[in-house]
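Heads up: the structure comes next, in structure tokens.
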Amino acid sequence: MTCEHLEKATDAVPASPYQAGCPECVPAGFRDWVHLRVCLECGYVGCCDSSPRRHMSRHHEQTGHPVMRSYEPGEKWRWCFVDEVLGP
Ligand SMILES: [Zn+2]
Ligand SMILES: [Zn+2]
Ligand SMILES: [Zn+2]
């Protein structure tokens, strides 16, 4: 099962390296994110919904960008915020 956003989404170059952590949390002095995600529309890097500040969800709310993917080493899955569908 998939959706139009997942079908259309192409991969994006992450706007910051994984090792640098969440680019929203770090400048604010937080180091307690759980996982990192990448927006496939613009390359924005943010922390996941299991993290206290959920920057990737906030990015979707602010921009409407529909699809993100995992930025964790070895993980490839993608997620559509609009349809709440998990894709390969
Ligand atoms: Zn979708
Ligand atoms: Zn964050
Ligand atoms: Zn984006």
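Panel note: side chain Glu41, backbone Val67; no donor-acceptor pair is recorded below 3.5 Å. One N or O on the side chain of Tyr71 and one on the backbone of Tyr18 form a donor-acceptor pair closer than 3.5 Å.
Of all the heavy atoms in Phe81 and Met68, the pair that sits closest is CE1-CG, 3.8 Å. The two residues Met56 and Val45 have their closest heavy-atom pair at CE-C, 4.2 Å. Heavy-atom minimum distance, Leu6 versus Leu86: CD1-C, 4.2 Å. Shortest non-hydrogen contact noted between Ala20 and Val26 is O-CG2, 3.4 Å. Closest of all the heavy-atom pairs between Phe30 and Trp33 is O-CZ3, 3.3 Å. Heavy-atom minimum distance, Ser16 versus Pro23: OG-CG, 3.9 Å.
Atom SG of Cys80 sits about 8.5 Å away from atom CD of Glu84, to the nearest 0.5 Å.
Aromatic ring orientation, His65 versus His59: perpendicular (interplanar angle above 60°, classes split at 30° and 60°).
If you run side chain to side chain donor-acceptor pair (under 3.5 Å) between Ser70 and each of Arg78, Glu75, His35, Lys76, only Glu75 comes through.
Between Arg58 and Glu24 there is a salt bridge, since at least one side-chain N of the basic residue sits less than 4.0 Å from a carboxylate O of the acidic one. Electrostatic pairing of Arg37 and Asp49 does not count as a salt bridge here, judged by no charged N lying under 4.0 Å from a carboxylate O.
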Q: Take Cys22 and Ser51 through the test side-chain contact (heavy atoms from CB on, under 4.5 Å) and record every step on the way to the result.
A: CA-CA 10 Å; Cys22 175; Ser51 309; over 6 Å; no
Q: Test side-chain contact (heavy atoms from CB on, under 4.5 Å) on Arg53 and Cys25 and set out the steps.
A: CA-CA 8 Å; Arg53 276 154 288 275; Cys25 289; 4.0 Å; yes
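Criterion: ILVMFWY side-chain heavy atoms under 4.5 Å apart, direct or through other members. Under it, Trp79 and Tyr44 are part of a common hydrophobic cluster. Note: the hydrophobic cluster containing Val34 does not contain Trp77 (ILVMFWY, side chain heavy atoms under 4.5 Å, direct or indirect links).
His60 has its side chain within reach of Val82: a pair of non-hydrogen atoms, C-beta onward, lies under 4.5 Å apart. Between Pro14 and Arg69, the closest side-chain pair of non-hydrogen atoms falls below 4.5 Å.
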